[in-house]
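Structure record follows, encoded as C-alpha cells.
This is a predicted model, so every value here is computed, not measured.
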Amino acid sequence: MKELGNGKKEDSYGAIRNIRDWLVKLYRESPGFVWLYIVQIPLSIGIALLGAYFPSALVGDITGSMPLEVILFDLVLLGGGLTAMNVLRGWVEQSQKVKEERLRYKHSLEIVETVVNTEYANTERPDFQSTFAKIQEFHIWSDTFTGGFMQAFKEMAAAVGSMVLYIGVLSRLSLWILLFAIAGTVMNMIVGTRCNRWDVNNRHKWWALDKKMHYLSVVLSSFESAKDVRLYRMAPWLGKLYDRELKQRLHCTVRQQANYFVQSVSWGISQFFAEGAAYLYLISCVFQGKIDAAAFVFYLGIITSFNMWSNAFAWQLKNLHELGLYVEENRKFMAGLKKEEKENKEILSLSNGHIPEIRFENVSFQYEGAKEETIHNINLTIKPGENLAVVGLNGAGKSTFIKLLCGFYDPTKGRILVDGVDRKKYSRASWLNCFTGVFQDMGFFPLSLKENLVPDGEVDKQKLEECLKMADLEEKMGKLPKGLDTTFGIGVVEGAVEFSGGEEQKLMLARALYKKAPLMVLDEPTAALDPIMESELYESYRKFSEDKTTVFISHRLASTHFCDRILLMEQGEIAEVGTHRELLEKGEKYARMFHLQSKYYQQAEAGLEGEVIS
C-alpha cells in the first residue's frame with residue numbers, strides 16, 4: 001500500500017494485472033493498433049517456420065535429383081511466399097507507426113490535462129516534477145507505453161506460439177535436446193528477472209541525477225544566468241558540479257551495463273550448450289543413417305529458431321515485467337493526481353457586483369510531512385471591498401495564508417466561511433473563479449501577448465487594450481510592431497520580445513484587470529523591483545481595487561500604508577493588526593520594522609548607503 005498526495009492509500013498491482021489493464025486500455029482507445037500487432041504474431045511464426053523449411057526443401061530436391069523444373073517451382077513458391085510474408089509484415093509495421101504516434105500524443109495530452117487540473121497541493125510534492133518529467137518522456141519521446149509495450153507483447157506471444165510448435169517437432173527428435181533448450185530458457189529468465197529488479201529499484205536515483213544534470217546544463221548555457229556566471233567566475237565551479245553528477249550517473253550506467261553483460265553471458269552459455277548438444281546429436285544421427293541431409297538442415301534450422309525464440313521469450317518476459325512496473329508507476333502517478341470530487345459540491349455563483357465576506361475561524365494548517373503547523377489558530381474577518389495588507393518576515397506564513405485564502409489548500413483545523421457558509425461546500429473551481437491576482441513567480445509562456453493575457457475564450461480586444469492602458473502600457477504597446485501578437489520566449493521562439501521586470505508586472509496587472517473578479521490577491525509581485533517602482537505599482541493596484549476585496553502581501557512595509565488594515569504575521573500567527581497609523585502609534589513590532597526599513601530608504605534617497613542615520 002502506498003499513500004498518495006491526496007491522503008488516500010493505493011494498492012500496488014502485480015505485473016500481470018498491470019499488463020492486462022494497459023492492453024485493455026490500448027484496445028479501447030485504438031482497436032486497429034492492437035490488431036495490427038496481433039496479425040504480426042502468426043506472420044512472425046510463419047516466417048520463422050518457412051525460413052527453417054525453405055533451405056531443407058531445396059537440399060532435399062537437390063540431393064534427391066529432382067528435375068530442374070521442380071526445384072525452380074519450389075524456389076519460386078517457397079521463396080515467393082517468404083518474400084510476400086515479409087512485405088506484408090513491413091506494411092503492417094508502417095501502418096501501426098501512424099496509429100502509435102496518435103496514441104502517444106493522446107496519452108501525453110491526458111497527462112498534461114490531468115496535471116493542470118489536479119489539486120494544487122499535488123504540484124508541491126517533492127517527487128512531482130521528476131516523476132512527471134520522466135513519465136511524460138516515456139509517453140511522448142519514446143514508445144515505452146505504446147509501440148514498445150505492444151512489441152514486447154507481440155514478440156512474447158510469437159515466442160510462446162513458436163516454442164509450442166517447435167517443442168512438438170523436437171520431441172520427435174530427442175527429449176534430451178528439448179530439455180537442454182528449456183533449461184537454458186529458464187536460466188535466462190531467472191537472470192533477466194534479477195537484473196531487471198535492480199534496474200527498477202534504482203532507476204529513481206538516475207532520474208534525479210538526470211534532472212540535476214539538465215538543470216546545470218541550462219544554468220551554464222542560459223542568457224538569464226550568463227552575467228552571473230562570468231562575473232563571479234562560476235563556470236569552473238558549475239563544471240565541477242556537473243562532473244560530479246555525471247560521474248554518479250556513469251556509476252549507475254556501469255552497473256546497468258554490467259547487468260546486460262551478465263545477461264549476455266547467460267544467453268551465450270545456454271546457447272552454446274543447447275546448440276552444441278544439438279549439433280553433436282544431429283551429426284551422430286546422420287552418421288547412423290537415421291536422418292538424411294535435408295532432415296539435418298531442417299532440424300538444425302528448427303533448433304536454431306527454438307533457441308532464438310527461447311532467448312526472445314526470456315528477453316521479452318524481462319521487458320514485459322519492466323513495462324508492467326512502469327505502468328504501475330504511471331497508474332500511481334495519475335491516481336495521485338485525482339481531481340477534486342464533484343459530488344455534493346455546489347457551484348458558488350455570486351451576483352454581479354457582490355463582494356463576499358470571508359471569515360477565518362480557528363484556522364490552522366500543516367503541510368503533509370511537516371512536523372509543525374505553518375499557520376496556527378488564525379481568526380480573521382475580511383470585509384467586502386477591504387484593502388488588507390499581510391506583512392511579516394520571510395517564513396512568517398504569508399504565502400501559506402494566501403494559499404488557504406485562494407483555496408489551493410484546505411485548513412487542517414478550523415474552517416473558512418464565505419458569507420457565513422463553509423467554503424468546503426463549494427467546488428474549488430467555482431471559488432477560484434472569484435479570484436484574480438498577481439504573484440511573485442510570474443507565469444508567461446512562449447506564446448503571443450494576447451494568448452498570455454487572455455488564455456481562455458474569445459479575446460475582447462477593446463477591453464484588453466483598455467486594461468493595458470490602465471496598467472500604463474499604452475506607450476510600450478505602441479512600440480511593438482506586432483502589437484498583441486508579439487511573442488514571449490527569447491531563446492525559445494524566434495522573433496520573441498523581452499520585457500523588463502516592471503513591464504512584466506504591469507502585464508500581470510493588465511491580465512488581473514481583464515478578469516473581472518470580486519477578489520484580488522497580490523502576493524509579493526514586486527519583490528524583485530526597487531522600492532520606487534514597487535511603490536508606483538502598488539499605487540496602480542490600489543487605484544484599480546476600489547470595486548473588489550484586495551489582499552496585498554509585501555515585505556516592504558512602506559508600500560502598503562494605504563491599506564484599510566495591516567496584518568503582521570509572525571511564526572504562522574497574527575502578531576498585530578490595525579491601520580498603518582494605529583500600528584505606528586502602538587510602537588511595537590510593526591513600528592520597529594517600519595522605522596528600520598525607513599532608514600535604508602532615506603539613505604538610498606540621500607546617496608548615503610552604508611551611513612548610519614539616527
Side-chain angles (χ1 to χ4, degrees), residues 120 124 358-367 370-383 386-414 416 435 437-442 505 519-531 533-535 537-539 541-542 545 549-601 604:
Y120 178 83
E124 292 195 329
I358 304 170
R359 188 162 76 249
F360 283 61
E361 282 191 353
N362 304 314
V363 169
S364 297
F365 179 77
Q366 183 172 344
Y367 285 100
K371 296 180 179 179
E372 298 178 353
E373 292 178 340
T374 304
I375 297 292
H376 180 64
N377 198 35
I378 285 184
N379 288 282
L380 174 71
T381 298
I382 304 176
K383 301 171 185 177
E386 180 179 19
N387 284 337
L388 176 70
V390 182
V391 300
L393 299 175
N394 290 335
K398 304 186 299 296
S399 293
T400 302
F401 173 82
I402 289 298
K403 292 174 186 177
L404 290 168
L405 174 65
C406 294
F408 296 134
Y409 286 100
D410 289 323
T412 49
K413 295 179 184 176
I416 299 175
F435 280 87
V438 181
F439 295 88
Q440 180 178 353
D441 299 321
M442 294 170 290
Q505 293 293 344
L519 304 169
M520 177 185 280
V521 170
L522 304 169
D523 185 5
E524 298 200 64
T526 58
L529 304 181
D530 61 74
M533 178 64 76
E534 181 185 47
S535 180
L537 280 171
Y538 268 113
E539 189 63 29
Y541 295 150
R542 184 191 67 80
S545 65
T549 296
T550 306
V551 179
F552 298 84
I553 288 189
S554 178
H555 61 279
R556 290 172 180 161
L557 307 185
S559 301
T560 55
H561 65 275
F562 60 84
C563 291
D564 300 315
R565 275 193 302 165
I566 297 174
L567 192 75
L568 174 65
M569 294 193 68
E570 187 177 64
Q571 296 181 351
E573 298 181 341
I574 298 176
E576 295 179 30
V577 63
T579 65
H580 176 69
R581 183 175 296 276
E582 289 171 349
L583 294 176
L584 286 181
E585 291 175 351
K586 195 174 180 181
E588 296 184 0
K589 295 177 180 178
Y590 178 86
R592 289 196 296 272
M593 290 173 62
F594 179 80
H595 289 307
L596 182 62
Q597 289 187 4
S598 296
K599 287 183 180 180
Y600 291 111
Y601 296 156

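With sequence neighbours left out, Gln366 forms a side-chain hydrogen bond (donor to acceptor under 3.5 Å, both in side chains) with no residue at all. A search for side-chain contact (heavy atoms from CB on, under 4.5 Å) contacts involving Leu405 returns Ile358, Phe360, Ile382, Ile402, Phe435, Val521, Val551, not counting sequence neighbours. Checked against side-chain contact (heavy atoms from CB on, under 4.5 Å), Glu570 has the following partners two or more places apart in sequence or in another chain: Ala575, Lys589. In this structure, Lys383 has no side-chain hydrogen bond (donor to acceptor under 3.5 Å, both in side chains) partners at least two apart in sequence or on a different chain. When the side-chain hydrogen bond (donor to acceptor under 3.5 Å, both in side chains) test is applied to Glu361, the partners found at least two apart in sequence or on another chain are Arg359, Arg415. Among residues two or more places apart in sequence or in another chain, the side-chain contact (heavy atoms from CB on, under 4.5 Å) test is passed with Leu393 by Met593. Residues meeting the salt bridge (charged side-chain N to carboxylate O under 4.0 Å, His left out) test with Glu585, sequence neighbours left out: none. In this view, Asp410 and Arg423, Arg428 satisfy the salt bridge (charged side-chain N to carboxylate O under 4.0 Å, His left out) rule, not counting sequence neighbours. For the side-chain hydrogen bond (donor to acceptor under 3.5 Å, both in side chains) test, no residue two or more places apart in sequence or in another chain qualifies with Lys586. Under the rule for a ring pair (Phe, Tyr, Trp, His ring centres under 6.0 Å), the partners of Phe365 that lie at least two apart in sequence or sit in another chain are Tyr367, Tyr409. Here Glu386 pairs with Arg565 under the salt bridge (charged side-chain N to carboxylate O under 4.0 Å, His left out) rule; sequence neighbours left out.
Around atom CD of Glu124, more than 12 heavy atoms belonging to other residues, nucleotides or ligands sit under 6.0 Å away.
In this structure, Tyr590 and His580 have perpendicular ring planes: the angle between them is above 60°, well past the 30° mark.
From Leu568, atom CG reaches atom CD1 of Ile574 across 10.0 Å, with rounding to the nearest 0.5 Å. In this structure, CE in Met520 is found 10.0 Å from CG in Asn387, a value given to the nearest 0.5 Å. Residue Glu573 holds its CD atom at 5.0 Å from NE2 of His376, rounded to the nearest 0.5 Å. Here the straight-line distance linking atom OG of Ser399 with atom CZ of Phe408 works out to 11.0 Å at 0.5 Å rounding.
The two residues Phe401 and Ile378 come nearest to each other via the heavy atoms CD1-CD1, 4.2 Å. Here the shortest heavy-atom pairing between Val363 and Ile416 reads CG2-CG1, 4.0 Å. Counting all heavy atoms, side chain and backbone alike, Asn377 lies closest to Ser364 at N-OG, 2.8 Å. Between Leu583 and Ala591, the shortest heavy-atom contact is O-CB, 3.8 Å.
Between the side chain of Asn362 and the backbone N or O of Gly414 there is no donor-acceptor pair closer than 3.5 Å.
Using a 4.5 Å heavy-atom cutoff, the side chains of Phe552 and Leu388 are not in contact. With a 4.5 Å cut-off on side-chain heavy atoms, Leu404 and Ile375 count as touching.
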Val577 vs Ile566, side chain to side chain contact (heavy atoms under 4.5 Å, CB included): CA-CA, chis, key distance, verdict: CA-CA 6 Å; Val577 63; Ile566 297 174; over 6 Å; no
